[in-house]
Protein chains: 2
Amino acid sequence: MIVTIKDVAKKANVAPSTVSRVIANSPRISEKTKKKVREVMEELGYHPNFQARSLAAKSTQAIGVIMPNSAYYAFQNPFFPEVLRGISTSAHDNKYGIYLSTGSTEDEIYNEVTSMVLGRRVDGVILLYSRINDKTMNFLQSSNFPFVVVGRPDEHDERISYVDNDNIFITKQVTNYLIDLGHQNIAFVGGSTDFVVTVDRLNGYKLALKDAGISFKKEYMVFEDFIKENGRKAIESLMNLNDPPTALVTQDDLIAYEMISHLEDMGIRVPQDISIVSFNNLMLSEHSKPPLTSIDICIYQLGFEATKCLLEKISIPDTLPKRITIPTKFIERKSCEQKK
Amino acid sequence: MIVTIKDVAKKANVAPSTVSRVIANSPRISEKTKKKVREVMEELGYHPNFQARSLAAKSTQAIGVIMPNSAYYAFQNPFFPEVLRGISTSAHDNKYGIYLSTGSTEDEIYNEVTSMVLGRRVDGVILLYSRINDKTMNFLQSSNFPFVVVGRPDEHDERISYVDNDNIFITKQVTNYLIDLGHQNIAFVGGSTDFVVTVDRLNGYKLALKDAGISFKKEYMVFEDFIKENGRKAIESLMNLNDPPTALVTQDDLIAYEMISHLEDMGIRVPQDISIVSFNNLMLSEHSKPPLTSIDICIYQLGFEATKCLLEKISIPDTLPKRITIPTKFIERKSCEQKK
DNA sequence: CTGAAAGCGCTTACAG
DNA sequence: CTGAAAGCGCTTACAG
């Protein structure tokens with residue numbers, strides 16, 4: 001049979017309410033009573049029931065983590081285990097559990113989130129992506145439920161708490177790095193433009209070009225949909241331009257690997273013929289050929305800080321919205337070269 | 001204010017129990033009543049409270065998913081997002097949620113699992129790894145709680161439900177493939193020997209050698225701890241043997257990439273000088289250089305079937321333990337060559 | 001410092 | 001086909 005608070009109370013000769021207070025470690029209970037009750041709990045193998053606790057206390061001690069739908073480039077992307085590690089470390093430090101939602105379509109995600117929130121499965125939510133005009137985010141905001149976004153919200157970013165890198169700035173820097181190496185024909189290979197991160201990075205890229213007086217070419221932008229459909233063709237169409245790029249800014253190491261592979265097949269060498277700089281600094285990037293020059297966006301920290309921020313908001317509901325910027329590291333390796 | 005079953009009942013002029021039955025879509029309620037109640041639910045924006053439901057019905061509609069601790073080689077490994085995708089597809093199809101546990105030490109995992117189970121946070125558990133003499137697994141089994149393992153349990157495997165590849169067999173096959181290419185000096189580069197998967201694959205490897213009359217050499221085995229500490233040194237010590245291997249069976253594509261990188265640095269070419277065959281067939285492996293010959297272990301299916309199996313066990317408690325074997329695919333690419 | 005009582009929002013025999 | 005009542009295992013004012 002299941003051991004309840006009543007069983008413990010009876011055996012310890014106290015009221016159930018006292019046992020409850022011992023569990024919560026209330027300062028209003030004497031050490032002596034606490035000791036006795038704890039002994040009985042131990043003896044009986046008592047374990048508090050989460051559901052009952054949640055119902056009575058109106059707190060679930062769980063946070064919801066919402067992954068983007070799998071259409072997002074590369075669900076095989078190590079980004080997710082890594083954020084998750086950051087999230088769970090912070091969550092467990094605070095005795096919170098993680099409730100995971102991974103819809104395969106936007107609607108599925110939306111439904112899962114609404115039922116999670118309205119059904120009080122969780123005390124707060126972390127959105128692991130930011131998409132343009134996202135109805136899930138809109139729902140979260142209008143329902144006034146504690147949530148934080150990993151990424152920059154498309155709208156109302158002054159009213160939403162979020163954790164992000166400074167994507168515009170770092171992409172500008174990275175592009176400048178290529179420009180300083182003498183490159184003028186720099187292409188941008190991005191994820192889906194539905195995501196704010198893509199838009200931000202694209203803007204950083206454009207900014208750098210503008211500052212350097214390099215005109216921006218539409219043909220130099222390639223996005224996820226095209227790559228996913230036919231990565232080979234995507235890069236071919238880029239390299240077959242009259243004025244092919246001599247450098248690439250790629251949004252993810254995984255995409256960079258694929259690009260490099262196709263390029264080599266086409267007889268184009270990295271970095272001798274084309275330079276590549278990328279994002280995420282996956283573990284592998286150190287060992288790829290050539291070793292990838294990449295931006296370490298500190299994925300773990302992104303998750304860790306987002307959780308910390310959420311937990312704060314849960315415990316102090318009128319916490320002001322804040323933006324946390326996670327610094328990045330430029331890891332220079334061997335995929336870029338001075339333009340000849 | 002929160003809308004409860006009572007509010008709906010009052011407005012619809014029925015008893016709360018009737019509303020409850022409408023939610024459960026009980027056949028004992030007339031269509032007419034159902035319709036009326038549903039309209040009111042819609043109108044009031046009613047959403048069932050999970051905690052209350054769980055408490056009364058003694059079912060949480062959630063499964064716990066236990067990840068191995070991050071010490072496991074490569075938490076950046078795409079294995080996890082991929083199993084998770086399989087798990088969540090199956091779970092959501094059945095209206096189950098996913099409760100994630102990711103301890104960073106064995107003890108943390110153990111504590112999370114016990115509190116999850118004893119505290120009735122979940123209806124069942126999926127263990128995403130199988131480790132030798134694992135106290136978490138032992139706890140699960142002795143507490144008679146529904147659970148299934150992804151991987152082969154170390155002990156009592158006839159009494160535990162699990163989903164696995166036939167690791168012994170496939171590793172034997174893979175090793176034979178290398179033997180057929182003329183290789184005699186074949187090394188095994190594995191994960192941690194704490195995990196059953198490593199042991200099984202090692203056994204498959206040994207079996208193939210034995211059948212071919214090749215004597216097994218201890219120096220030809222390299223394991224995780226050594227690699228993690230110093231991957232470069234690990235491979236160097238292998239290649240500096242009097243009789244260095246001409247082929248490698250590697251447990252994971254990620255490790256294979258690292259090995260290849262070190263080998264090239266040492267001036268040893270893959271596949272000309274050394275052949276490599278590996279496991280997991282990551283998305284990248286198609287694009288790596290050389291394209292990796294790898295075993296696709298069907299990670300998604302592993303997760304999907306494990307969940308199906310668990311859900312069955314939850315709904316029919318006396319379901320017999322079963323073993324489900326997920327077939328694998330041998331993806332031949334260009335990392336192996338005939339021995340010269 | 002401790003207890004009796006009400007209540008969190010549901011489900012489910014039981015009765016009709 | 002529907003309702004009244006008890007109960008799931010906790011927490012938390014309120015009272016002393």
Side-chain angles (χ1 to χ4, degrees), chain A residues 1-38 40-41 44-62 95 97 115-123, chain B residues 1-38 40-41 44-62 95 115-123 315:
Chain A
M1 257 326 284
I2 286 170
V3 182
T4 74
I5 218 172
K6 279 189 193 168
D7 303 319
V8 175
K10 193 176 290 173
K11 183 129 189 177
N13 280 320
V14 295
S17 43
T18 301
V19 178
S20 172
R21 290 190 187 102
V22 173
I23 295 170
N25 199 17
S26 158
R28 285 163 48 200
I29 301 293
S30 72
E31 278 311 317
K32 200 181 146 205
T33 307
K34 279 185 185 170
K35 183 157 176 277
K36 185 176 60 183
V37 171
R38 281 186 185 130
V40 175
M41 289 190 338
L44 260 40
Y46 170 76
H47 262 265
N49 179 306
F50 282 115
Q51 320 299 339
R53 211 199 148 277
S54 298
L55 188 59
K58 298 190 166 308
S59 132
T60 62
Q61 291 287 112
K95 313 253 174 245
S115 97
M116 197 149 135
V117 168
L118 268 10
R120 306 282 144 179
R121 268 250 216 222
V122 297
D123 293 341
Chain B
M1 257 329 283
I2 286 169
V3 182
T4 73
I5 221 174
K6 278 190 192 169
D7 303 320
V8 176
K10 192 175 288 176
K11 185 133 191 174
N13 279 320
V14 295
S17 43
T18 300
V19 177
S20 172
R21 291 192 186 99
V22 173
I23 295 169
N25 199 17
S26 158
R28 287 162 47 199
I29 302 290
S30 73
E31 278 310 319
K32 201 180 146 208
T33 307
K34 279 185 184 172
K35 184 157 175 280
K36 188 177 61 182
V37 171
R38 282 185 184 132
V40 175
M41 289 190 336
L44 260 39
Y46 170 75
H47 263 265
N49 179 305
F50 281 115
Q51 319 298 341
R53 208 198 149 280
S54 299
L55 187 59
K58 297 188 168 308
S59 130
T60 62
Q61 291 287 111
K95 313 252 174 247
S115 96
M116 197 149 136
V117 167
L118 267 8
R120 307 282 145 180
R121 269 249 217 224
V122 297
D123 293 340
S315 61

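Computed from a predicted model, the values in this text were never measured in an experiment.
Comparing D:dC10, C:dT2, C:dT12 against the side chain of A:N49 picks out D:dC10 as the nearest. Side-chain proximity of A:I5 to the nucleotides C:dT11, D:dC10, D:dG3 is greatest for D:dC10.
The distance from the CG atom of B:L55 to the OG1 atom of B:T60 is 12.0 Å, given to the nearest 0.5 Å.
At a threshold of 4.0 angstrom between heavy atoms, the contacts of B:R28 include nucleobase atoms, whether or not backbone atoms are also involved. In this structure, B:S30 reaches the sugar-phosphate backbone alone: every heavy-atom distance under 4.0 Å involves primed, P, OP1 or OP2 atoms, never a base. Residue contacts shown for A:F50 are absent, as no nucleic acid heavy atom lies under 4.0 Å away. A:V14 comes within contact range of the sugar-phosphate backbone alone, with a heavy-atom separation under 4.0 Å but no base atom that close.
When rounded to the nearest whole Å, the span between NZ of A:K10 and C1' of C:dT2 equals 19 Å. Remark: P of D:dT2 and NZ of B:K34 are 10 Å apart, rounded to the nearest angstrom. We find that NZ of A:K6 is positioned 10 Å from C1' of D:dC10, with the value rounded to whole Å. Taking atom CD of residue B:Q61 and atom C1' of nucleotide D:dC8, one finds them 16 Å apart after rounding to whole Å. If you take CG of B:N13 and P of D:dT2, they are 13 Å apart, rounded to a whole angstrom. In this structure, A:H47 atom NE2 and D:dG9 atom C1' are separated by 15 Å, rounded to whole Å. Rounded to an integer number of Å, the gap from CZ of A:R121 to P of C:dC10 is 14 Å. One atom, CG of A:D123, and another, P of C:dC8, lie 18 Å apart when rounded to the nearest Å.
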In sequence, state the C-alpha distance, the side-chain angles, and the governing distance for B:V19 and B:K6, and then conclude on side-chain contact (heavy atoms from CB on, under 4.5 Å). CA-CA 8 Å; B:V19 177; B:K6 278 190 192 169; over 6 Å; no
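Note on residues 51-60 of chain A: no pairs pass salt bridge (charged side-chain N to carboxylate O under 4.0 Å, His left out), not counting sequence neighbours.
Contact annotation: B:S17 side-chain N/O to C:dT11 OP1/OP2 distance is not under 4.0 Å. In this model, the phosphate group of D:dT11 is approached by a side-chain N or O of A:S20 to a distance below 4.0 Å at OP1 or OP2. OP1 or OP2 of C:dG9 sits under 4.0 Å from a side-chain N or O of A:K58. Between A:T33 and the phosphate of C:dT2, there is a side-chain N or O to OP1/OP2 separation shorter than 4.0 Å. For the pair B:R21 and C:dT11, the criterion of a side-chain N or O lying under 4.0 Å from OP1 or OP2 is not met.
Within 6.0 Å of the NZ atom in B:K11, the count of heavy atoms belonging to other residues, nucleotides or ligands does not exceed 12.
B:N25 and B:R38 are linked by a side-chain donor-acceptor pair at a separation below 3.5 angstrom, with hydrogens and angles left out of the test. Donor-acceptor pairing under 3.5 Å is lacking for the side chains of A:S20 and A:S17.
B:Q61 places a side-chain N or O within 3.5 Å of a backbone atom of B:K95 that can act as its donor or acceptor partner.
When the nearest nucleotides of DNA chain D are assigned to B:L55 and B:P27 by heavy-atom distance, the more 5′-ward of the two goes with B:P27.
The side-chain heavy atoms of A:Y46 and A:I5, taken from C-beta on, include a pair separated by under 4.5 Å.
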Base-pairing string, 5' to 3', of DNA chain D - Watson-Crick or wobble, under 3.5 Å, | interstrand: |||.||||||||.|||
